[in-house]
Amino acid sequence: VQILRRMQALAADDDIREHLDIALEELARLDKSVAEILDFAKPVKLTSETVDVGALIQTAAHTLTPVLSEKQIELRTEPQHVNVTGDAHRLRQVLVNLVGNAAEASAAGAHVILRASQPDNSNVWIEIEDRGRGIAAEDLEKIFEPFFTTRPDGTGLGLAICHKVVRAHGGEIKVRSTVGGGSTFTVVLPAA
């Protein structure tokens, strides 16, 4: 499809170009779905290093801000420089997924908060808070199950993968949510 898209004879026709663009978008969506399935099926392999959660939040925010701006969602960060031991790449994947979900649940013009704190000497909390549509009480107990989704375009693997990665780090994910009032996901990790 990419080769066809580059052919001048086809690219000159607006109707054909539009159909090729749609095909490319769908292929990218399918590729992402297959990657999520493969990611979930594999055992979690972690590198072990000291991770500055504040820097991790800033890196994730830098990556997400342009995407969220297109959706008219503001990302507010409250990074605290506290350390955990783990895999920075996989933890960043968790943050990107949770912030992406928060943005999907939020209306244009809303904001999502990504913050870190260390409420005690043994744990670091990373919170993702939105004021979106919230999660129904009957769905809360199922949201981390593989293939459970309430979105028509969702695979039901994003939160399951997040849960799996956080558990592999010796942590847990908690969620508080009110329908119509938003949700707060809290990733609790052992402090370094």
Side-chain angles (χ1 to χ4, degrees), residues 21-22 24-36 39-40 46-47 49-84 86-119 124-135 143-144 149-166 169 171 173-178 180-189 192:
D21 288 344
I22 291 169
L24 283 172
E25 288 173 15
E26 287 302 304
L27 287 168
R29 187 185 62 76
L30 288 171
D31 186 50
K32 182 180 176 203
S33 295
V34 169
E36 283 182 337
D39 196 23
F40 183 74
L46 304 174
T47 60
E49 60 185 332
T50 300
V51 178
D52 178 337
V53 175
L56 185 70
I57 285 175
Q58 290 171 329
T59 302
H62 182 72
T63 303
L64 288 164
T65 298
V67 176
L68 297 180
S69 294
E70 287 178 17
K71 297 179 180 183
Q72 299 176 341
I73 303 291
E74 178 189 356
L75 179 60
R76 298 179 185 170
T77 60
E78 298 173 14
Q80 182 177 340
H81 293 281
V82 292
N83 293 327
V84 297
D87 187 319
H89 172 72
R90 296 306 296 255
L91 291 173
R92 184 181 159 284
Q93 175 189 15
V94 168
L95 297 185
V96 167
N97 189 303
L98 292 174
V99 170
N101 285 353
E104 286 290 327
S106 300
H111 66 272
V112 173
I113 300 172
L114 174 57
R115 72 171 68 90
S117 63
Q118 188 169 4
V124 171
W125 289 15
I126 305 170
E127 292 181 305
I128 298 89
E129 180 182 332
D130 68 68
R131 295 287 172 231
R133 63 181 166 270
I135 303 166
I143 61 172
F144 296 113
T149 184
T150 57
R151 291 184 5 212
D153 63 336
T155 61
L157 287 173
L159 287 177
I161 292 169
C162 288
H163 187 257
K164 187 175 178 180
V165 169
V166 171
H169 281 86
I173 298 181
K174 300 176 182 181
V175 61
R176 295 183 322 270
S177 188
T178 306
S183 301
T184 301
F185 281 79
T186 304
V187 176
V188 180
L189 297 168

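In this text, all values refer to a predicted model and were calculated from it rather than measured experimentally.
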With rounding to the nearest 0.5 angstrom, report the [atom1] to [atom2] distance, [X] to [Y].
X      : Y      : atom1 : atom2 : answer
Asn101 : Cys162 : CG    : SG    : 7.0 Å
Thr184 : Arg176 : OG1   : CZ    : 4.5 Å
Leu189 : Leu91  : CG    : CG    : 6.0 Å
Phe185 : Ile135 : CZ    : CD1   : 4.0 Å
Asn83  : Glu49  : CG    : CD    : 11.0 Å
Arg90  : Leu46  : CZ    : CG    : 7.0 Å

Minimum side-chain heavy-atom gap [X]-[Y] below 4.5 Å:
X      : Y      : answer
Glu127 : Glu78  : no
Leu68  : Val112 : no
Thr63  : Arg92  : yes
Arg115 : Arg76  : no
Ile57  : Gln80  : no

CA sep, side-chain torsions, deciding dist, call: Gln58, Thr77, side chain to side chain contact (heavy atoms under 4.5 Å, CB included): CA-CA 8 Å; Gln58 290 171 329; Thr77 60; 5.5 Å; no

Derivation and outcome, side chain to side chain contact (heavy atoms under 4.5 Å, CB included), residues Val99 and Asp130: CA-CA 9 Å; Val99 170; Asp130 68 68; over 6 Å; no

Candidate pair Leu95 and Leu56, rule side chain to side chain contact (heavy atoms under 4.5 Å, CB included), full reasoning: CA-CA 9 Å; Leu95 297 185; Leu56 185 70; 3.9 Å; yes

Intermediate values then yes/no, side chain to side chain contact (heavy atoms under 4.5 Å, CB included), Ile161 and Gln93: CA-CA 9 Å; Ile161 292 169; Gln93 175 189 15; 3.9 Å; yes

Determine the minimum heavy-atom distance between [X] and [Y], stating which atoms define it.
X      : Y      : result
Asp87  : His169 : N-NE2, 3.0 Å
Leu159 : Phe144 : O-CD2, 3.5 Å
Glu104 : Arg151 : CG-NH1, 3.9 Å

Within 6.0 angstrom of His81 NE2, more than 12 heavy atoms from elsewhere: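 Yes, the 6.0 Å shell around NE2 holds more than 12 heavy atoms from other groups.
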
Donor-acceptor contact below 3.5 Å, side chain Ser177 vs main chain Gly182: yes

Donor-acceptor pair, side chain of Arg131 and main chain of Ala107, under 3.5 angstrom: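 No, the answer is negative, given that no donor and acceptor are paired below the 3.5 Å cut-off.
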
For Ile126, the option from Leu114, Leu98, Val84 that meets side-chain contact (heavy atoms from CB on, under 4.5 Å):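 When Leu114, Leu98, Val84 are each tested with Ile126, the side-chain contact (heavy atoms from CB on, under 4.5 Å) holds only for Leu114.
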
